[in-house]
2 protein chains.
Amino acid sequence: MLSKKTKYGLKALAYLGVQNDKKPIQIAEIAEQENISQKFLESILLSLRKSGFLGSKKGKGGGYYLLKTPTEILMTDVMRVLEGPISMVPCVSLNFYEKCDDCPDEAACSVHKLMLMVRDANLSVYRNTTLADIIQ
Amino acid sequence: MLSKKTKYGLKALAYLGVQNDKKPIQIAEIAEQENISQKFLESILLSLRKSGFLGSKKGKGGGYYLLKTPTEILMTDVMRVLEGPISMVPCVSLNFYEKCDDCPDEAACSVHKLMLMVRDANLSVYRNTTLADIIQ
DNA sequence: TAATACCCTACTTGTTTAGTAGGATAACAA
DNA sequence: TTGTTATCCTACTAAACAAGTAGGGTATTA
């Protein structure tokens, strides 16, 4: 299941992505428009800022804005930050590889084989999809 | 992340799949060979039996065995029983569809759009993979 | 009739999720 | 300079879920 964090994060990015100008948008506005708890959204936007997707401005007239254009924002990167590893098991992860402690032989493991295929299928979606592709 | 339940269930199915004869295999043997807690595996095999993948035999010489040949066991079905819905959000699920309560317009939802692509990618893997494909 | 091995329910423990609470800090405007 | 706005940051919490454990009951076979 997709976590609410990821869902809300994606919705917020999409909301910022459809704005034509680069004027900062307030958390409160996004939260209200997208039916998200404001405080929860606050922490999500914070992590999106820390990972380089968003810029922010404090004080009156402040808010968040995209640092790149939607066509430059890859779902691979967004998903890794919001949802974590794309692989369903660490032993097939490109960025978070870890050997299974219970599995003596990766090459012979049926779970490994299946999860490799699943990982590749997911990666091909996320790598070929940008924020621009999912807004409008 | 893939649950241990699914991981163990797949390993057990694979273990039963490589047996050439149809002789029942005991939980204890699978648990030992695959490094799985026996009691936990017991409950997993029980659910695989109740969903029609396995047959069982009680008493001495008893155990579990596949009810179909590995080429007939689709990953779509296995994953749905062990891991639950293949979709990451209910609003794109074929078998467990549910409308999002916070989302006014599915067609315009960016999360919906992305998750549709992800669902299709995963389905195409699971639908085209049988137990036979992941053993050996 | 004793041993074997599955059958079934209920409980426990640890982790994660989805928030809440409450204040600190920076920027702008009067 | 002072009040207001809005982000920044830490810590806490309730509920759900995962991953087992415990302890028997029941059917089959020798």
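A note on names: the letters A, B, ... follow the listed sequences, proteins ahead of strands, and every chain is numbered from 1. All heavy atoms count here, side chains included; hydrogens, waters and symmetry mates do not.
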**Request:** Have a look at Lys7(A) and say if it touches a base, only the backbone sugar-phosphate, or nothing, with a 4.0 Å heavy-atom cut-off.
**Result:** nothing

**Prompt:** Roughly, in whole Å, what's the span from CD in Glu42(A) to C1' in dG19(C)?
**Reply:** 12 Å

**Spacing between Met1(B) atom CE and dA16(D) atom P, to the nearest angstrom** = 24 Å

**Item:** Nucleotide dC28(C), atom C1' - distance to NZ of Lys57(A) in whole Å
**Value:** 8 Å

**Request:** Whole angstrom is fine here: how far is it from CG in Leu45(A) over to P in dT7(D)?
**Result:** 8 Å

**Item:** Phosphate OP1/OP2 of dA6(D) contacted by Tyr64(A) side-chain N/O (<4.0 Å)
**Value:** no

**Asked** To the side chain of Lys58(B), which of dG19(C), dC28(C), dT28(D) is closest?
**Response** dT28(D)

**Message:** If I compare all heavy atoms of Ala121(B) with all of Val125(A), which pair ends up nearest, and what's the gap?
**Reply:** CB-CG2, 3.6 Å

**Request:** Carefully, step by step, assess Glu98(A) and Ser93(A) under the rule side chain to side chain donor-acceptor pair (under 3.5 Å).
**Result:** CA-CA 8 Å; Glu98(A) 219 172 297; Ser93(A) 178; over 6 Å; no

**Message:** Check Asp102(A) with Lys4(B), please: is the shortest side-chain N to carboxylate O separation under 4.0 Å?
**Reply:** no

**Request:** May I ask you to verify if any side-chain N or O of Lys5(A) is less than 4.0 angstrom from the OP1 or OP2 atom of dT16(C)?
**Result:** no

**Request:** Assign each of Lys60(B) and Tyr8(A) to its nearest nucleotide of DNA chain C by heavy atoms, then name whichever residue's nucleotide is nearer the 5' end.
**Result:** Lys60(B)

**Nucleotide dT21(D), atom C1' - distance to CG of Leu41(B) in whole Å** = 15 Å

**Complete:** Here the gap from Ile86(B) atom CD1 to Asn122(B) atom CG, rounded to the nearest 0.5 Å, amounts to 7.5 Å

**Message:** Nearest whole Å is fine: how far is dG25(D) C1' from Lys39(B) NZ?
**Reply:** 11 Å

**Message:** At 4.0 Å (heavy atoms only), tell me whether Ile27(A) reaches a base, stays on the sugar-phosphate, or touches nothing.
**Reply:** sugar-phosphate

**Request:** Calculate the interatomic distance between Phe40(B) atom CZ and dA22(D) atom P; express it in whole Å.
**Result:** 15 Å

